[in-house]
Amino acid sequence: MDISLPLDQIQSSFKFACSLINPTVFKQKFRLSDEFSLGRRRCRAPIAKFRCAFLDQGLRPRPMPKPREKEENNLKENGYLEERKLKKPNLGVGICSQIEKLVLCKRYNEALELFEILEINDDIDVSFDTYDAAVGACIALRSIRGVKRVFNHMLNSEVELDLYMMNRVLLMHVKCGMMIDARHLFEDMSERNSVSWNTIIGGLVDSGDFFDAFRLFLMMWEDSSNVCSRTFTTMVRAAAGLELISPGQQLHSCALKMGATEDVFVSCALVDMYSKCGSIEDARFVFDMMPEKTTVAWNTVIAGYALHGYSEEALSMYYEMQDSGVKMDHFTYSMIIRVCTRLASLQHARQAHAGLIRNGFGYDVVANTSLVDFYSKWGRIEDARNVFDRMPRKNVVSWNALISGYGNHGRGAEAVDLFERMVDQGMVPNHVTFLAVLSACCHSGLSDRGWEIFESMHRDYKVKPRAMHYTCMVELLGREGLLDEAFALIGSVKPTINMWAALLTACRVHKNFELGKYAAEQLYGMGPEKLSNYVVLLNIYSSSGRLDEAAAVLQTLKRKGLRMLPACTWIEIKKQQYVFFTGDKSHPQTKEIYVNLDNVKLQLSKHGYVPQRNNLLPDVDEREESMLLHHSEKLAISFGLISTPSSTPLQLAQSHRICNDCHNAIKLISTVYKREIAFRDGSRFHYFKEGRCSCGDYW
DNA sequence: TTAGGGTTAG
């Protein structure tokens, strides 16, 4: 970060940095609409221009009130005028003040309903205060209909809006996502202040039009009197949205020179920007420099660590935050519970759960959803259910988390029940819901129900099945041995690697070598340079006893210089990483490890765990095969990642998830290459991305 | 009058 430049140099370099943003590229990238030109015109009567824009959109305001002169003369003649004059202000003032009161009480819907009365009574004078309240209701409800109604009324009444009200109207359009109208409004404003600029730029950033936001900011920069700390906050968010550190750094420099970094909002935005742009060190630097660290500042830096997979650092910051005495909020707990899920730390998660309740956030939907996810992922589905049942409000993510949990526990019927209950309660399922419930059906062998749900996805819920749903169905059909149906399903869509892989697995299980070979070749054809595709092809050949063809694949591999790395698992214990390859005996405590593994194997068998034998590999003895097959779960158990040695589907699934263990590849490579090709490739160790068990991409 | 941080799957 170069922050030593003089201000004028910073300004010019900032402009240069922004000019580097190629409009064409950005328009393509962000699918921007036609270039937004900011007119220099000034309109003396802005409301007249709004009317034109309004009519251009095909909207027709109600007829203007007719002159009442004739009517009043008639009334005067009949002696009614005095009565009317008395009634008019009473009715109008009553409704208007009622609207204002309803908005104050946050009864926005009722306020807008009452506003309808104003529409049908032309003779009620509406004050700015009432319009302001109605605008507030529209913003709170994000009601486009409300915006049209209130704005229409303003147009009809021909009221001259002052700058404050113009900004409110602008904000109303921005908040309701009506950015085209907002742009027209902004363009036609005869007077603008920093609020007007910040509002429109903020709207552009919120709607993802980062490039337009930068362009407008540069225009604003020309008249720097309008630029304030809130502008920097918004623009830093734009840089974060673009994930471009260079404009972010320039903004940081400008903000420093203008003293804007003293604003806690700017600093928080900078912390967020640096972490989103991949520089957690700079994020931490900005955080450390903050004289006053607010809850949001702590949350932002914790979120930054969590985003980059630094779960332990995130947890450590969480405890530092606790020690600092800063109040934690529902954001803090949501994040930290998610971090605990990654760390598989029941102890910390329980503490966070207790803190959540103790500090009065026990009803927060997001934090509770994190808890449901945590408990269901770590073998405590009943705890997950308890948390879920006690949630006063649930959103689709909460339902998805629990359905997914039941599915992973092999409790498919309960997952389906939950899905049906969710629909009964009026919750709209999304593509994640269907993935969870289809996957649950798949793991529990509920093929008919799975197929029914799959068919209803688009028909009843208008959720178009994606590739992952088709993959799930291929797996489901494949498990049932319906290989031709699975093949036909793949043929009905654009096949993906995962679909062929699922079919290949089914073919191996059901010994359909011809179709399996075809699937493997398709897989091979979709990514010829990917080692994993050679491995599965090699696997299918050797599995079907076609050793010559398997040898040919090996030759191809050799010719292309692709090396197969042996399967490995690595584990971090107290910041020390331990790496194990298949059949590895190089660790100084190998003897103890294998004794432990044998104990685990014994305990597993006592719990009824029967290793799945692979009858396609004749030259591997049973002991070795069993060891290879369950390498990951045994390691996970022996290092305490799985609390008890049992064979519940969840625990096995978790161990595979942690160790990313690919059984077939391990077996194949250890069979074909034996131990002598096992080597430690130091360059692969950079996959220690999250410091937990992981496996290289080359599988 | 405008602003910063969070959940499911992949």
Side-chain angles (χ1 to χ4, degrees), chain A residues 128 132 135-136 139 162-172 174-175 193-203 205-206 226 228-237 240 260 263-273 275-276 283 286-287 290 294-304 306-307 321 328-339 341 356 361 364-374 376-377 384 387-388 391 394-405 407-408 429-439 466-469 471-472 496 498:
Chain A
F128 275 3
D132 197 22
V135 164
I139 291 171
D162 61 7
L163 182 57
Y164 171 88
M165 275 312 296
M166 279 304 306
N167 284 339
R168 289 287 283 163
V169 169
L170 183 67
L171 178 69
M172 173 172 76
V174 162
K175 287 288 178 190
N193 63 5
S194 59
V195 175
S196 331
W197 283 96
N198 291 339
T199 304
I200 190 71
I201 293 177
V205 173
D206 285 342
N226 272 324
C228 63
S229 61
R230 291 188 180 189
T231 321
F232 281 111
T233 308
T234 310
M235 289 317 301
V236 171
R237 276 175 57 219
D263 186 316
V264 70
F265 281 81
V266 175
S267 294
C268 287
L270 282 167
V271 172
D272 189 46
M273 182 273 296
S275 69
K276 283 194 176 132
V286 174
F287 174 79
M290 286 175 76
T294 59
T295 300
V296 175
W298 281 99
N299 287 350
T300 312
V301 77
I302 290 173
L307 177 73
M321 180 182 182
M328 298 181 178
D329 64 7
H330 49 302
F331 287 88
T332 323
Y333 289 113
S334 308
M335 281 185 302
I336 222 63
I337 292 163
R338 187 166 183 234
V339 164
T341 309
L356 181 78
F361 304 110
D364 182 74
V365 67
V366 178
N368 276 309
T369 303
S370 300
L371 276 172
V372 170
D373 183 51
F374 174 86
S376 68
K377 277 216 173 81
V387 172
F388 180 84
M391 286 169 73
K394 303 165 181 84
N395 63 16
V396 67
V397 181
S398 329
W399 287 91
N400 293 351
L402 191 63
I403 293 173
S404 206
N408 286 337
N430 62 13
H431 69 278
V432 181
T433 320
F434 284 105
L435 192 65
V437 74
L438 290 176
S439 168
R466 302 182 183 189
M468 51 192 173
H469 300 108
T471 305
C472 205
T496 63
N498 289 339

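Naming convention: chains lettered A, B, ... in sequence-line order (proteins, then strands); numbering from 1 in each chain.
- Of the candidates B:dT1, B:dA9, B:dT8, B:dT1 carries the atom nearest the A:N167 side chain, counting heavy atoms from C-beta on.
- The interatomic distance linking A:F331 (CZ) with B:dA3 (P) rounds to 14 Å, in whole Å.
- Proximity note for A:D272 (side chain, C-beta onward) versus B:dA9, B:dG5, B:dT7: the nearest is B:dG5.
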* List the steps, then state whether side chain to side chain donor-acceptor pair (under 3.5 Å) holds for A:D272 with A:T300. => CA-CA 6 Å; A:D272 189 46; A:T300 312; 5.8 Å; no
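- Remark: of the listed residues A:L438, A:N498, A:L435, A:N498 is the sole one forming a side-chain contact (heavy atoms from CB on, under 4.5 Å) with A:T471.
- Contact annotation for A:T295: base contact, defined as any heavy-atom pair under 4.0 Å involving a base atom.
- To the nearest angstrom, P of B:dG5 lies 17 Å from CD1 of A:I336.
- If you take CD1 of A:I200 and P of B:dT2, they are 16 Å apart, rounded to a whole angstrom.
- Contact annotation: the side chain of A:T231 never approaches that of A:N226 to less than 4.5 Å [non-hydrogen atoms, C-beta and beyond].
- The phosphate of B:dA9 has OP1 or OP2 within less than 4.0 Å of a side-chain N or O from A:K377.
- Note: CG (A:N368) to C1' (B:dT7) measures 10 Å, nearest angstrom.
- Regarding A:N408, its CG atom lies at a distance of 13 Å from the C1' atom of B:dG10, rounded to whole Å.
- Between A:I201 atom CD1 and A:R237 atom CZ the span is 11.5 Å, to the nearest 0.5 Å.
- Looking at the side chain of A:N198, the nearest of the listed nucleotides B:dA3, B:dT8, B:dT2 is B:dT2.
- Residue contacts for A:K394: at a heavy-atom cut-off of 4.0 Å it reaches no nucleic acid atom on any strand shown.
- With B:dA3, B:dT7, B:dT2 as the candidates, the nucleotide lying closest to the side chain of A:R237 is B:dA3.
- Looking at heavy-atom distances under 4.0 Å, A:N430 makes no contact with the nucleic acid at all.
- The distance from atom CD1 of A:I403 to atom P of B:dT8 is 15 Å, rounded to the nearest whole Å.
- Between A:F361 and A:Y333, the two ring planes are tilted [angle within 30° to 60°].
- With B:dT1, B:dT8, B:dA3 as the candidates, the nucleotide lying closest to the side chain of A:R338 is B:dT8.
- The nucleotide whose nearest atom lies closest to any side-chain atom of A:T233 is, among B:dT8, B:dA3, B:dT1, B:dA3.
- Of the candidates B:dT1, B:dT7, B:dG5, the closest approach to any side-chain atom of A:S370 belongs to B:dT7.
- A straight line from CG of A:L435 to P of B:dT8 spans 14 Å, rounded to a whole angstrom.
- If you check distances only, the side chain of A:T199 never reaches the base of B:dT2 with a donor-acceptor pair under 3.5 Å.
- Nucleic acid contact for A:V135: none, since no nucleic acid atom lies under 4.0 Å from a heavy atom of the residue.
- Residue A:D162 contributes atom CG, which lies 11 Å from atom C1' of B:dT1 at whole-angstrom precision.
- Judged purely by atom type and a 3.5 angstrom limit, A:N198 uses its side chain to pair as donor or acceptor with the backbone of A:S194.
- Judged by distance alone, the side chain of A:N299 and the main-chain N or O of A:I302 form no donor-acceptor pair under 3.5 Å.
- A:N498 comes within 4.0 angstrom of nothing in the nucleic acid, heavy atoms only.
- Here B:dT2 is the nucleotide among B:dG5, B:dA3, B:dT2 with the atom lying nearest to any side-chain atom of A:L171.
- Residue A:N299 places its side chain closer to B:dG5 than to any other of B:dT1, B:dG10, B:dG5.
- Taking side-chain N and O atoms only, A:K175 has a distance below 4.0 Å to OP1 or OP2 of B:dA3.
- At a threshold of 4.0 angstrom between heavy atoms, the contacts of A:S229 with the nucleic acid are absent.
- Closest to the side chain of A:D373, out of B:dG4, B:dT2, B:dT8, is B:dT8.
- Note on A:A367: a base of the nucleic acid sits closer than 4.0 angstrom, heavy atoms only.
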